[in-house]
Amino acid sequence: MQRYFVEQKIENQFTLSKDDSYHILKVMRMSLGNQIEIVSNGKTYISEIICLEPFVVAKVVEEIEESQELPISVTLAQALVKEQKMDLILQKTTELGIDQVIPFQAMRSVVKIDKKENKKRERWQKIVKEASEQSKRTMIPKVLGTMTVTELLSLEDYDVKLLCTVRENTKNIKNLLSNIVEGAKMIVVVGPEGGFTEEEEEQFIRSGFQTVSLGKSVLRTETASIFIMSVVRYLSMR
Ligand code: SAM
């Protein structure tokens, strides 16, 4: 069943947004009596379409219990990378259960923070919303505003802070995460296409980030981010 996230409080019946109405009618070609899943405030409701115009109205049939979210909260601090790569990272890490994404400006990021920042963020938030609906999550990850490395270093409130690096003699992710406990809050930093500078890596390490290897081969930045989330998802399986 197709899933839609809505921000409003769900009463007995509710009106969907213009975008969702368009998707329901023109893309999914649904009609009166068809059912959709609505997620509001972490709760899922099976609902039936009762009106089509001007926007779709649905009424709640039943609330269902489900828990799709990972028991570990992961924030990905992703160095700014080219648009298509960022889109892919956002989409795939959302499917895999990411909680939050913080884009940041690394020294070697080819893409820089610019005046289109707000527009980009809107687009990124739309990508994670659609990926959450497609993968049937019960929450939409947050995409925060682009930070500098200094801003990133000042973030507290994480139990596990990892820096993905291709440096030799670094502990691998399997060893580091095998004992991670449910409820842990983790932040993982992934560098841009050209990698981190020595100086950046030293800054992260001085601020309490633990270096982590994802294996001996050098992965593309988008592969690294998707791989980390796959590992966390695998380790969370019961
Ligand atoms: N030549 C670059 C360097 O020396 O860092 C390679 C950068 S790699 C394409 C982009 C980012 O992905 C790295 O900065 C790192 O965060 C992550 N990464 C890629 N492969 C990795 C690996 N095997 N272990 C840990 N991190 C990795």
Side-chain angles (χ1 to χ4, degrees), residues 70 72-113 120 124 127-128 131 141-156 158-180 184-236:
L70 296 184
I72 299 162
S73 159
V74 186
T75 293
L76 169 69
Q78 172 66 55
L80 284 177
V81 288
K82 289 184 188 149
E83 191 170 299
Q84 280 181 348
K85 292 187 180 189
M86 197 59 152
D87 292 358
L88 183 78
I89 292 167
L90 290 170
Q91 188 191 61
K92 298 306 167 202
T93 58
T94 296
E95 286 173 38
L96 292 164
I98 199 103
D99 225 16
Q100 186 164 260
V101 181
I102 309 177
F104 73 96
Q105 174 86 67
M107 212 95 92
R108 294 194 185 129
S109 288
V110 184
V111 176
K112 307 283 177 208
I113 305 178
K120 265 190 202 162
W124 290 340
I127 292 172
V128 297
K142 282 202 187 80
V143 184
L144 303 194
T146 303
M147 293 189 186
T148 59
V149 169
T150 313
E151 285 169 324
L152 206 53
L153 295 176
S154 68
L155 296 179
E156 290 171 355
Y158 291 102
D159 310 308
V160 183
K161 302 204 290 185
L162 300 180
L163 170 72
C164 293
T165 172
V166 296
R167 280 182 180 206
E168 284 186 7
N169 302 323
T170 303
K171 260 196 171 183
N172 73 41
I173 194 163
K174 187 175 174 192
N175 292 333
L176 271 177
L177 292 188
S178 54
N179 294 323
I180 194 158
K185 261 190 104 180
M186 175 164 109
I187 182 165
V188 191
V189 185
V190 176
E193 292 92 337
F196 290 113
T197 62
E198 274 291 309
E199 193 189 329
E200 280 174 327
E201 292 205 338
E202 290 306 326
Q203 277 182 302
F204 279 109
I205 294 165
R206 276 200 303 274
S207 299
F209 281 78
Q210 233 180 318
T211 53
V212 62
S213 159
L214 307 177
K216 289 198 175 127
S217 42
V218 177
L219 307 176
R220 285 186 186 268
T221 180
E222 62 274 31
T223 315
S225 301
I226 296 166
F227 176 72
I228 293 153
M229 278 315 296
S230 310
V231 171
V232 172
R233 193 177 170 87
Y234 173 76
L235 292 173
S236 306

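Predicted model, so just to flag it, every value in this text is computed and none were measured. In listed order, ligands and their atoms are each counted from 1.
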(message) Quick check for you: to the nearest 0.5 Å, what is the distance between L80 atom CG and R108 atom CZ?
(response) 15.5 Å
(request) Report yes or no: do E201 and T165 form a side-chain donor-acceptor pair below 3.5 Å? (result) yes
(request) For atom 25 (C) of ligand 1, grab the closest protein heavy atom and report residue, atom and distance to one decimal in Å. (result) T165 O, 3.1 Å
(message) Please check: side-chain N/O of D159 versus main-chain N/O of A184, any donor-acceptor pairing under 3.5 Å?
(response) no
(request) Please write down residue, atom name and distance for the protein heavy atom closest to atom 3 (C) of ligand 1. (result) V166 CG2, 3.6 Å
(message) Has K161 got a side-chain atom pairing as donor or acceptor with S207's backbone, closer than 3.5 angstrom?
(response) yes
(message) I'd like to know if the side chain of N172 pairs up with that of S213 as donor and acceptor (distance under 3.5 Å, no hydrogens or angles considered).
(response) no
(request) Tell me which one of A79, P192, S213 gets a heavy atom nearest to atom 10 (C) of ligand 1. (result) P192
(request) Could you see which bit of V212 sits under 4.0 Å from ligand 1, with heavy atoms only: side chain, backbone, both or neither? (result) backbone
(request) Look only at the side chain of T221 and the backbone of G191, and say whether a donor-acceptor pair between them is shorter than 3.5 Å. (result) yes
(request) For V190, counting its heavy atoms only, list the atoms of ligand 1 lying under 4.0 Å from any of them. (result) 12 (O), 16 (O)
(message) Tell me whether the rings of F196 and F104 are parallel (<30°), tilted (30 to 60°) or perpendicular (>60°).
(response) parallel
(request) Could you find the nearest protein heavy atom to atom 1 (N) of ligand 1 and give me its residue, atom name and distance? (result) G194 O, 4.5 Å
(message) Whether the T93 and Q78 side chains hold a donor-acceptor pair (N or O, under 3.5 Å, no angle test) is what I'd like checked.
(response) no
(message) Taking distance alone, with N or O pairs closer than 3.5 Å, would you say S217 contacts ligand 1?
(response) yes
(message) At less than 4.0 angstrom from any non-hydrogen atom of E193, what atoms of ligand 1 do you find?
(response) 7 (C), 9 (C)
(message) Using only atom types and a distance under 3.5 Å, with no angle test, would you say the side chain of T170 pairs donor to acceptor with the backbone of R167?
(response) yes
(message) Suppose I only count heavy atoms of G195 and a 4.0 Å limit; which atoms of ligand 1 are within that range?
(response) 2 (C), 3 (C), 5 (O), 7 (C), 14 (O)
(message) I need the nearest protein heavy-atom contact for atom 17 (C) of ligand 1: residue, atom name and distance, please.
(response) A224 CB, 3.8 Å
(request) Please write down residue, atom name and distance for the protein heavy atom closest to atom 20 (N) of ligand 1. (result) L219 N, 2.9 Å
(message) Evaluate L214 for polar contact with ligand 1, using N/O atom pairs at a separation under 3.5 Å.
(response) yes
(request) Could you tell me whether some N/O pair between C164 and ligand 1 is separated by less than 3.5 angstrom? (result) yes
(message) I'd like to know if the side chain of Q91 and the backbone of L88 have a donor-acceptor N/O pair within less than 3.5 Å.
(response) no
(message) Which residue and atom name correspond to the protein heavy atom nearest atom 6 (C) of ligand 1, and how close is it?
(response) V218 CG1, 3.7 Å
(request) Starting from atom 14 (O) of ligand 1, find the nearest protein heavy-atom neighbour and note its residue, name and distance. (result) G191 CA, 3.4 Å
